[in-house]
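Each remark here refers to the structure printed beneath this line.
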There are 2 protein chains.
Amino acid sequence: MQVTTLCLGALVFGEATGYEINKMFEDGPFSHFLDASYGSIYPALTRLTDEGLVTCKAEPQEKRPDKKVYSLTEKGRRSLGEALQQTLAPDKFRSEFLFAVLFAHLLPRSRVRTLVDQRLAAMKEKVEQMTDPDEDDTPGMDFARQYGLAVYTASIDFLENNRHLIEEIATEEEVHV
Amino acid sequence: MQVTTLCLGALVFGEATGYEINKMFEDGPFSHFLDASYGSIYPALTRLTDEGLVTCKAEPQEKRPDKKVYSLTEKGRRSLGEALQQTLAPDKFRSEFLFAVLFAHLLPRSRVRTLVDQRLAAMKEKVEQMTDPDEDDTPGMDFARQYGLAVYTASIDFLENNRHLIEEIATEEEVHV
DNA sequence: CCCTTCATATATAGGCCCGATATATCGTTC
DNA sequence: GAACGATATATCGGGCCTATATATGAAGGG
């Protein structure tokens with residue numbers, strides 16, 4: 001699924017600028033399970049406009065670049081619907097943390113501890129972000145939020161209960177350099 | 001973290017060909033939390049050879065392309081160690097399934113049910129794959145495997161217990177096309 | 001009161017990476 | 001015997017991320 005399709009999805013929730021769509025991926029409702037950035041969003045919106053899947057009205061602003069507000073067309077809505085009928089890519093999880101863990105026996109114990117602490121902190125922050133529902137969350141967003149909470153909670157529990165396993169196999173602290 | 005670094009990591013477990021490294025990402029110990037494919041692995045190995053981080057010995061084969069077996073050099077091992085001291089990228093999760101769920105209210109109920117069923121089946125297959133430890137697993141691999149099990153189990157539980165939430169908001173089955 | 005930082009807002013260039021494809025052969029299954 | 005999958009390397013096209021450029025107002029710290 002390409003960024004163009006993700007942008008169509010973003011616009012289902014109302015008209016938006018490229019800047020606002022980017023925020024949806026950075027902090028907003030998409031941030032927990034999708035990503036896309038300026039380098040793909042702006043070209044995607046141009047392509048979508050060319051194909052008639054979105055419309056663009058430029059709102060002139062003084063001393064700022066024109067704000068380009070995009071809205072979904074009927075054709076765009078249909079196109080999203082079709083994309084959601086296609087086979088979806090399987091969920092994908094990428095973790096450099098687990099990659100590093102594979103080499104725990106080659107790393108100093110302090111480093112392994114730091115890695116676990118950082119991972120735990122990051123996940124706890126995510127949990128805090130996701131704990132309070134937003135008023136205007138759609139039921140789908142609410143489901144995704146709770147799904148995320150369940151997964152992060154399980155991850156935190158596992159890490160806290162099993163971190164000793166990898167910390168034990170790490171290399172002893174060296175007294176001399 | 002680039003594919004070159006991931007290849008260095010793969011070679012810590014012993015010498016290997018590009019083909020075998022690819023398998024580590026496709027079915028092997030890396031498959032649950034990393035990905036890389038031929039299009040990046042082969043060029044990476046060439047670059048690593050040029051930089052002296054790995055060595056390559058060609059094993060001639062009859063009626064087959066030469067098998068190129070790569071091994072880590074001392075320089076390569078140090079390079080991996082340094083990479084593991086750098087700040088690691090945060091874990092990333094990408095789910096087209098959750099994207100689709102955001103639009104559950106626009107989809108026919110049968111489609112939503114299919115999506116959930118497929119997701120559950122995929123995760124249960126993962127769990128089965130990960131349940132039995134391999135003899136020659138390193139402790140790090142074992143940890144990663146158990147971590148994965150904990151997360152997938154929690155995901156499955158959540159989905160089974162909450163699927164009704166999104167199935168209820170889906171569009172009623174249409175009797176007429 | 002100034003300076004830095006952050007937020008708003010669009011856009012592109014460089015480089016990395018995935019997916020598909022090409023080539024060649026053998027073993028297994030239908 | 002036909003089709004398919006595994007073994008094995010390699011490249012091309014296109015998509016995407018990171019960093020950067022440009023411009024300004026608001027807010028906060030010193």
Side-chain angles (χ1 to χ4, degrees), chain A residues 1-8 10 15-28 30-31 34-51 54 56-70 83 86-94 96 99, chain B residues 1-8 10 15-28 30-31 34-51 54 56-70 83 86-90 92 94 96 99:
Chain A
M1 188 169 304
Q2 308 179 215
V3 173
T4 45
T5 311
L6 303 184
C7 287
L8 292 178
E15 56 176 33
T17 65
Y19 182 78
E20 288 163 342
I21 291 176
N22 181 258
K23 274 199 296 187
M24 296 173 76
F25 288 98
E26 219 155 66
D27 315 309
F30 292 172
S31 62
L34 290 174
D35 47 352
S37 51
Y38 288 135
S40 50
I41 292 170
Y42 283 117
L45 290 171
T46 305
R47 237 180 307 154
L48 289 169
T49 308
D50 292 345
E51 292 165 17
V54 304
C56 170
K57 62 176 176 227
E59 283 181 13
Q61 297 193 123
E62 274 171 41
K63 309 271 191 179
R64 289 272 174 97
D66 282 7
K67 194 189 277 193
K68 293 186 178 177
V69 182
Y70 294 90
Q86 306 298 316
T87 305
L88 302 181
D91 286 5
K92 226 167 63 182
F93 172 64
R94 184 182 172 95
E96 297 193 355
F99 176 70
Chain B
M1 188 169 303
Q2 308 178 215
V3 173
T4 45
T5 310
L6 302 184
C7 287
L8 292 178
E15 55 175 34
T17 65
Y19 183 78
E20 288 164 342
I21 292 177
N22 182 258
K23 273 199 297 188
M24 296 173 77
F25 288 98
E26 219 155 66
D27 315 309
F30 292 172
S31 62
L34 290 175
D35 46 352
S37 52
Y38 289 135
S40 51
I41 291 171
Y42 282 117
L45 290 171
T46 304
R47 237 180 307 155
L48 288 170
T49 308
D50 292 345
E51 292 166 16
V54 304
C56 171
K57 62 175 178 227
E59 282 181 13
Q61 298 193 124
E62 274 170 41
K63 309 271 192 180
R64 289 271 174 98
D66 281 8
K67 194 190 277 193
K68 293 187 179 176
V69 182
Y70 294 90
Q86 307 297 316
T87 305
L88 302 181
K92 227 166 63 183
R94 185 183 171 94
E96 297 193 356
F99 176 71

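Just the heavy atoms: all of them, side chains too, but no hydrogens, waters or symmetry mates, feed the values below.
- At least one side-chain heavy atom of A/Leu45 sits under 4.5 Å from a side-chain heavy atom of A/Ile21.
- The 5' end of DNA chain D is approached more closely, in terms of each residue's nearest nucleotide, by B/Pro43 than by the other of B/Arg94 and B/Pro43.
- For the pair A/Glu26 (side chain) and A/Ser31 (backbone), a donor-acceptor distance under 3.5 Å is absent.
- A heavy-atom distance below 4.5 Å is not found between the side chains of A/Phe30 and A/Leu6.
- One interatomic measurement links the two molecules: CG of B/Asp35 to C1' of D/dC17, which rounds to 15 Å at whole-angstrom precision.
- Taking the C1' atoms of five terminal pairs at each end of the helix from C/dC1-D/dG30 to C/dC30-D/dG1, the two resulting helix axes are inclined by 40°, rounded to 10°.
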What verdict does the salt bridge (charged side-chain N to carboxylate O under 4.0 Å, His left out) test give for A/Lys92 and B/Asp35, after you've listed the backbone C-alpha separation in whole Å, the side-chain angles of each residue and the deciding distance to 0.1 Å? CA-CA 9 Å; A/Lys92 226 167 63 182; B/Asp35 46 352; 3.5 Å; yes
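- A close approach under 4.0 Å does occur between a side-chain nitrogen or oxygen of B/Tyr42 and OP1 or OP2 of D/dT9.
- One can place CD of A/Glu20 at 13 Å from C1' of C/dA7, the figure rounded to the nearest angstrom.
- In this structure, B/Lys67 and B/Lys57 have side chains that are not in contact, with every pair of non-hydrogen atoms separated by 4.5 Å or more.
- When the options B/Ser37, B/Pro43, B/Ser40 are evaluated for a side-chain contact (heavy atoms from CB on, under 4.5 Å) with B/Val3, the one that passes is B/Ser40.
- Using a 4.5 Å cut-off on side-chain heavy atoms (C-beta onward), B/Tyr38 and B/Phe25 make no contact.
- Phosphate contact (OP1/OP2 of C/dA11, side-chain N/O of A/Lys68, threshold under 4.0 Å): present.
- The shortest distance between side-chain heavy atoms of B/Phe99 and A/Met1 falls below 4.5 Å.
- With C/dT10, D/dC16, C/dC17 as the candidates, the nucleotide lying closest to the side chain of A/Tyr19 is C/dT10.
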Using a cut-off of under 3.5 Å, enumerate the N/O to N/O pairs linking the protein to nucleotides 19-21 of chain C.
none

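- At the phosphate of C/dA9, neither OP1 nor OP2 sits under 4.0 Å from any side-chain N or O atom of A/Lys23.
- Spacing between atom CG of A/Leu6 and atom C1' of D/dC16 amounts to 12 Å, rounded to whole angstrom units.
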